[in-house]
Amino acid sequence: MWDFGFKRGVVATFDTDNLTEPISIAPIPSASGVQWGAGVLSADQSKDGYSYIYGVNDSPINKKMRIARVKGTDLSNTEEWQFFNSAKSWMYGEKEGSDETVGVANEYSVTPYDGGFILLSQDSTEAFSGKIRIWQGCDPFAPFGSWSGHDTVYTMPEPGPFGTCEDGNCFACNAHVHPSLRQGDRWTLSYNVKNFDSRVTADAAHYRDPTIYRPRFVSFRLVESSSGAKLNFSTANQRQKEVCIPRERPAAGKVIAMQKVHC
């Protein structure tokens, strides 16, 4: 099933009236092996004139966030991409970028929230984890901190031998927020489920039960709180920056509430 691997990344530009073939294909710097496109934050959402492209420095567990940006909204202008280095700021060489938040997955989302930004991702500190976690930061380029013990937004029931899939052979992936579905403090996330059975036969899992391979949507509330507990920052180089604190213990762990104080 895993007979594939990352080779390189590209940005393909399409005309919305013709999605059969791209207008152009621009190569993304790929020498570092970072998989760019795990998430995107547009310039109108970042509020600083830059579009942010998020990547993942992949590994079986403890995957690490990478961050790039480009002025304006043209992601195909890859020669002008800048890569975040927490020690040196923004660099034009992809290899000069640094690993940031540890524990993200191959797809995640960064979303504006209350003057800062929310990072939501499946947890990768455990292999094939069912946890969906939340972090908060003051900027779209990190650091992102989490409230230890209270940062699980949802636990996906399907993965693993004791999960809800019929054969106990499923795994989940691609958790992210849908900003367009937000209504006040009510947010919506989605994730996907797959089965390790990759056979193309009538009795294979995805053919026997096509509902396995469909997105799941989960609604949750995000509210302000008043606790004085500090956020934990788990970054590749262990930078510590107390920029945010949560303000209230969420009821039953179902609501993760954070408030920035020094943004």
Side-chain angles (χ1 to χ4, degrees), residues 6 34-42 45-46 52-69 84 86 97-114 116-160 170-182 187-194 215-222 231-236 239 244 246 250 253-258:
F6 175 75
V34 171
Q35 301 172 21
W36 296 103
V40 175
L41 182 72
S42 62
Q45 292 181 310
S46 71
Y52 288 81
I53 308 97
Y54 298 96
V56 60
N57 191 355
D58 203 9
S59 61
I61 62 171
N62 294 319
K63 303 171 191 285
K64 301 172 183 68
M65 171 189 256
R66 287 287 187 100
I67 307 169
R69 71 178 185 180
F84 186 62
S86 57
S98 62
D99 291 332
E100 295 304 320
T101 304
V102 178
V104 297
N106 293 76
E107 182 175 334
Y108 53 86
S109 58
V110 176
T111 309
Y113 170 70
D114 194 26
F117 297 87
I118 289 295
L119 162 63
L120 184 139
S121 174
Q122 180 181 8
D123 176 37
S124 72
T125 62
E126 304 170 352
F128 301 108
S129 173
K131 296 178 183 177
I132 297 176
R133 296 177 59 199
I134 195 168
W135 296 256
Q136 187 178 20
C138 293
D139 300 296
F141 48 86
F144 292 97
S146 63
W147 188 2
S148 180
H150 301 276
D151 57 357
T152 300
V153 176
Y154 183 69
T155 299
M156 299 173 283
E158 296 88 358
C170 287
F171 64 98
C173 55
N174 302 342
H176 61 275
V177 160
H178 294 269
S180 62
L181 299 181
R182 178 182 173 186
W187 295 56
T188 299
L189 64 84
S190 70
Y191 64 94
N192 295 330
V193 176
K194 301 178 183 179
R216 275 70 165 169
F217 290 85
V218 178
S219 176
F220 66 98
R221 291 182 62 229
L222 191 62
L231 297 185
N232 295 320
F233 292 85
S234 177
T235 58
R239 287 181 300 127
C244 308
K254 292 184 178 296
V255 180
I256 306 301
M258 299 176 184

Give, for atom OG1 of Thr155 and atom NZ of Lys131, the distance between the pair rounded to the nearest 0.5 Å.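 Between atom OG1 of Thr155 and atom NZ of Lys131 there are 7.0 Å.
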Rounded to the nearest 0.5 Å, what's the gap from CG on Asn192 to SG on Cys170? Could you check?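 Nearest 0.5 Å value for the CG-SG distance: 12.0 Å.
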For [X], check side chain to side chain donor-acceptor pair (under 3.5 Å) against everything at least two apart and list the hits.
{"X": "Arg182", "result": "none"}
{"X": "Ser190", "result": "His178"}
{"X": "Asn57", "result": "Asp99"}
{"X": "Tyr52", "result": "Asp48"}

Judged by atom type as modelled, is there a donor-acceptor pair below 3.5 Å linking the side chain of [X] to the main-chain atoms of [Y]?
{"X": "Thr188", "Y": "Val218", "value": "no"}
{"X": "Gln122", "Y": "Ala172", "value": "yes"}
{"X": "Ser121", "Y": "Asp123", "value": "no"}
{"X": "Thr152", "Y": "Tyr154", "value": "no"}

Could I get the full list of salt bridge (Lys or Arg N to Asp or Glu O under 4.0 Å) partners for Glu158, not counting sequence neighbours?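 Partners of Glu158 by the salt bridge (Lys or Arg N to Asp or Glu O under 4.0 Å) criterion, ordered by chain and then number, come out as Arg216.
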Which heavy-atom pair separates [X] from [Y] by the least distance, and what is that distance?
{"X": "Tyr191", "Y": "Pro157", "result": "OH-CD, 3.6 Å"}
{"X": "Phe117", "Y": "Pro140", "result": "CE1-CD, 3.4 Å"}
{"X": "Asp139", "Y": "Phe144", "result": "O-CZ, 3.6 Å"}

Any non-hydrogen side-chain atom of [X] less than 4.5 Å from a side-chain atom of [Y]?
{"X": "Trp135", "Y": "Ile118", "result": "no"}
{"X": "Pro215", "Y": "Phe217", "result": "yes"}
{"X": "Ile61", "Y": "Ser124", "result": "no"}
{"X": "Gln45", "Y": "Val110", "result": "no"}
{"X": "Phe84", "Y": "Ser86", "result": "yes"}
{"X": "Leu189", "Y": "Ser109", "result": "no"}
{"X": "Met65", "Y": "Ile67", "result": "yes"}
{"X": "Lys63", "Y": "Asn106", "result": "yes"}

Yes or no on side-chain contact (heavy atoms from CB on, under 4.5 Å) for Phe220 and Leu120, after CA distance, side-chain angles and deciding distance? CA-CA 12 Å; Phe220 66 98; Leu120 184 139; 4.1 Å; yes
One thing to verify: whether Lys64 and Glu100 come together as a salt bridge, which I'm taking to mean a side-chain N less than 4.0 angstrom from a carboxylate O.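 No salt bridge links Glu100 with Lys64.
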Step by step, work out the side-chain contact (heavy atoms from CB on, under 4.5 Å) result for Tyr54 and Leu41. CA-CA 8 Å; Tyr54 298 96; Leu41 182 72; 3.9 Å; yes
In a check of side chain to side chain contact (heavy atoms under 4.5 Å, CB included) between Tyr108 and each of Thr101, Ile132, Leu119, Val177, which one passes?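 The side chain to side chain contact (heavy atoms under 4.5 Å, CB included) with Tyr108 is passed solely by Leu119 among Thr101, Ile132, Leu119, Val177.
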Taking only residues two or more places apart in sequence, or in another chain, which ones meet Glu107 in a side chain to side chain contact (heavy atoms under 4.5 Å, CB included)?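 Side chain to side chain contact (heavy atoms under 4.5 Å, CB included) list for Glu107, sorted by chain: Asn174, His176.
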